[in-house]
Amino acid sequence: MPSPAPSPTALISRYSTPAIALHWLMAWLVIATYFIGLGMGELPIGPERIQMVGWHKWLGVTVAYVWAIRVYWRATHQPPAPPAGAAWQNLAAHTVHGLLYVLLIAIPVTGWLMSSAKGFTTNYFGLFDLPNLLDKDKALAHTLKEAHGFLANTLMALVGVHIAAALKHQWIDKDNLLDRMRQPRNR
């Protein structure tokens, strides 16, 4: 009796090249945006701080755009099967990935809402202005600033968990999980 055909997911051993590129682009954008956000708070009010805020907003909007492309790509392209392992590990990985996707859009949206509540229009690289979503409201702006910072710190903690899990798979489990998110080497 012939063995059953493998599921389509089982045939996929790595993410597609666009998925890999979007993953690493998002990673670098998030890291840059986060550390610019931290650094701008240390600067006195003046031209340097205004420039840093501009870069932070531009990168934040770019994160939102890349997020939308990533979500579309993920919805239309099958990822590789999860690695063999304990059910709790797969559940944890699925939960962390889901939270990462939620935070990657929630943070730019709270930043946009905060800017609106502060009375500042968000401009994207001088190309166009995003509409203000809220009327100016100092108290609400403060609340949104706190939420934005909390969500950003939560994202970075989850990024740390994500990296630690990937390294655990690579170095302890030795299942070459990182190969799924790297370009194949030319041999």
Side-chain angles (χ1 to χ4, degrees), residues 15 18-76 79 91-168 181:
Y15 286 91
I20 293 168
L22 289 167
H23 173 272
W24 291 110
L25 174 60
M26 182 69 85
W28 289 112
L29 284 170
V30 165
I31 290 167
T33 306
Y34 181 76
F35 285 105
I36 288 172
L38 287 180
M40 70 189 192
E42 302 298 318
L43 293 173
I45 294 174
E48 287 180 353
R49 184 172 179 164
I50 291 169
Q51 183 61 49
M52 292 282 277
V53 169
W55 276 101
H56 182 75
K57 287 183 176 186
W58 296 334
L59 291 173
V61 173
T62 302
V63 165
Y65 288 138
V66 173
W67 176 89
I69 294 166
R70 266 190 94 180
V71 168
Y72 171 79
W73 191 264
R74 178 69 172 80
T76 59
L91 176 62
H94 184 73
T95 301
V96 168
H97 284 117
L99 289 170
L100 288 171
Y101 273 99
V102 168
L103 289 170
L104 287 168
I105 195 61
I107 295 165
V109 169
T110 59
W112 182 13
L113 290 168
M114 175 182 57
S115 288
S116 296
K118 285 184 174 186
F120 298 117
T121 299
T122 298
N123 178 281
Y124 189 62
F125 287 106
L127 300 173
F128 58 88
D129 290 339
L130 276 67
N132 286 332
L133 300 175
L134 300 169
D135 291 331
K136 189 172 180 178
D137 181 332
K138 188 175 180 177
L140 180 58
H142 176 74
T143 300
L144 288 165
K145 179 180 180 180
E146 294 296 318
H148 184 69
F150 175 78
L151 294 174
N153 289 331
T154 302
L155 173 67
M156 294 311 289
L158 285 174
V159 165
V161 168
H162 179 69
I163 291 168
L167 295 176
K168 176 221 174 253
M181 195 47 78

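The first residue in the sequence is number 1, and the count goes up from there.
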Applying side-chain hydrogen bond (donor to acceptor under 3.5 Å, both in side chains) to Thr121 and not counting sequence neighbours gives Asn132
Kindly check if the number of other-residue, nucleotide or ligand heavy atoms within 6.0 Å of CG (Leu127) is above 12?
-> yes
Set of residues satisfying side-chain hydrogen bond (donor to acceptor under 3.5 Å, both in side chains) with respect to Trp73, sequence neighbours excluded | Ser16
Heavy atoms of Ala117 and Leu144 approach each other most closely as CB-CD1, 4.2 Å
Kindly compute the distance separating CD1 (Ile50) from CE (Met40), expressed to the nearest 0.5 Å.
-> 12.0 Å
Euclidean distance, Thr143 OG1 relative to Lys138 NZ, rounded to 0.5 Å | 12.5 Å
Going through the checks in order, is the side-chain contact (heavy atoms from CB on, under 4.5 Å) test met by Leu22 and Arg74?
-> CA-CA 10 Å; Leu22 289 167; Arg74 178 69 172 80; over 6 Å; no
Can you tell me how far the CD1 atom of Ile36 sits from the CD1 atom of Ile31, to the nearest 0.5 Å?
-> 12.0 Å
Got a sec, which residues hit ring pair (Phe, Tyr, Trp, His ring centres under 6.0 Å) with His97, two or more places apart in sequence or on another chain?
-> His162
Among pairs that include at least one residue of residues 38-60, which meet side-chain hydrogen bond (donor to acceptor under 3.5 Å, both in side chains), considering only residues two or more places apart or in two chains?
-> Lys57-Ser115
Could you go through the side-chain contact (heavy atoms from CB on, under 4.5 Å) check for Val53 and Phe120 one step at a time?
-> CA-CA 11 Å; Val53 169; Phe120 298 117; over 6 Å; no
For Tyr34, what residues pass the side-chain hydrogen bond (donor to acceptor under 3.5 Å, both in side chains) criterion, not counting sequence neighbours?
-> Asn153
In this structure, CG of Leu29 is separated from CG of Leu25 (nearest 0.5 Å) by 4.5 Å
Residues passing the side-chain contact (heavy atoms from CB on, under 4.5 Å) test with Val71, sequence neighbours excluded, are Trp67, Tyr101
Sequence neighbours excluded, which residues qualify as salt bridge (Lys or Arg N to Asp or Glu O under 4.0 Å) partners of Lys136?
-> none
Calculate, to the nearest 0.5 Å, the distance between atoms CG and OG belonging to Asp137 and Ser116 respectively.
-> 11.5 Å
Please list, chain by chain and in numerical order, all residues satisfying ring pair (Phe, Tyr, Trp, His ring centres under 6.0 Å) with Tyr65, sequence neighbours excluded.
-> Tyr124
For the residue pair Lys118 and Ala141, what are the closest heavy atoms and their distance?
-> CG-CB, 3.5 Å
Heavy-atom count around His23 NE2 within 6.0 Å, excluding the residue itself: above 12?
-> yes
For a quick test of your reading: what N or O donor-acceptor pairs under 3.5 Å do the side chains of residues 102-114 make, sequence neighbours left out?
from, atom 1, to, atom 2, distance (Å)
Thr110, OG1, Ala106, O, 3.1
Thr110, OG1, Ile107, O, 2.9
Thr110, OG1, His148, ND1, 3.0
Trp112, NE1, Pro131, O, 2.9

Who are the side-chain hydrogen bond (donor to acceptor under 3.5 Å, both in side chains) partners of Asp129, not counting sequence neighbours?
-> Asn123
How long is the span from the CG atom in Leu59 to the OG1 atom in Thr33, to the nearest 0.5 Å?
-> 4.0 Å
Ring pair (Phe, Tyr, Trp, His ring centres under 6.0 Å) partners of Phe150, counting only residues at least two apart | none
